[in-house]
Chemist: 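Here's a structure for you.
Each ligand, and each atom within it, is numbered from 1 in the order the structure gives. Throughout, residue positions are numbered sequentially from 1 according to the sequence presented.
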Amino acid sequence: MTETGKIYFASDFHLGLPTGSPPVEREKKVVSWLNSVAHDAKEIFLLGDIFDFWWEYALVVPRGFTRFLGTVSEITDSGIPVHFFTGNHDMWVGDYLSGECGMTIHTTPFTTLFDGKKFHLAHGEGLGTKNRGYKILLSIFRNRPLQAMYSALHPSIGIGIGHRWSLNSRLGKGITEEFLGEDNEDLIRYARSVLENDNIDYFIFGHRHLAMTCKLQPETEIVFLGDWIKNGSYASWDGNTLTFKILI
Ligand SMILES: [Mn+2]
């Protein structure tokens, strides 16, 4: 870890989702990006939907993702903190990713200072939404007694249901997300509500699969981190400037 290093942000790898090419191809792309940033990273933030479906049992974890999990473990072993925010596709984490891979798990938005600038980080599902149905769905997903019942299913059934659910999502069906305009984006509405009580310099979100940045007000920028389905996008903070890059 270098004190002068950069801070990196990426989200929505959706590891495991078949998208026309074998999922392992995308995993290799993610791993090569992680290795490329690890040499000058002082901290790495993974902002949700890292796995297309993750359900962790007490003694069993989903198969696959070995390259990714190994690389993250190497990075955290080397002393670089890696933060994992749960997303709507992988909120069901236990203590495996922290205990085995050394990641710090975040299940709620996180506000922090880097070099005197205030960052508000979140995956973003449900934030600012007016959609009651979606709020109810999220509260079912987050319900502990229901989770315990689901965990009692044999993993072949539980994980199988999860994969079918994901393939039926908008993303699984290959629907491309479009920017709805500043007044219609839930996360912009949410960011504005946060700004009523807090002076945030940078909002960084996953979830929307939009690879773009926009100014909310002269001193506040919002970054939608995009995803790693079609290309690969990430933001980095060097202590002075926030840079957003889209890899082909
Ligand atoms: Mn996603």
Chemist: Sequence neighbours left out, cut at 3.5 Å: what donor-acceptor pairs do the side chains of residues 143-163 make with other protein atoms?
Modeler:
unit_1	atom_1	unit_2	atom_2	d
N143	OD1	L146	N	2.9
R144	NH1	Q147	OE1	3.4
Q147	NE2	F141	O	2.8
Y150	OH	G158	O	2.6
S151	OG	W55	NE1	3.0
S151	OG	Q147	O	3.3
H154	ND1	S156	N	3.0
H154	ND1	S156	OG	3.2

Chemist: What about W237 and F114, are their ring centers closer than 6.0 Å?
Modeler: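 That pair fails the under 6.0 Å test.
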
Chemist: Under 3.5 Å, side-chain donor or acceptor atoms of residues 57-68 against the rest of the protein: list the pairs with distances, not counting sequence neighbours.
Modeler:
none

Chemist: In a table with atom names and distances, give each donor-acceptor pair under 3.5 Å that connects a side chain of residues 124-134 to protein atoms at least two apart or in another chain.
Modeler:
unit_1	atom_1	unit_2	atom_2	d
E125	OE2	R142	NH2	3.1
T129	OG1	N131	N	3.0
T129	OG1	D186	OD2	3.4
N131	OD1	G133	N	3.0
N131	OD1	Y134	N	3.0

Chemist: Return yes if some donor-acceptor pair links the side-chain N/O of H123 with the main-chain N/O of L47 below 3.5 Å, else return no.
Modeler: yes

Chemist: May I ask you to determine how many protein N/O/S atoms are under 2.8 Å from the Mn ion (ligand 1)?
Modeler: 4

Chemist: Please examine the side chains of L15 and D52, heavy atoms only from C-beta on, and report whether any two atoms are closer than 4.5 Å.
Modeler: no

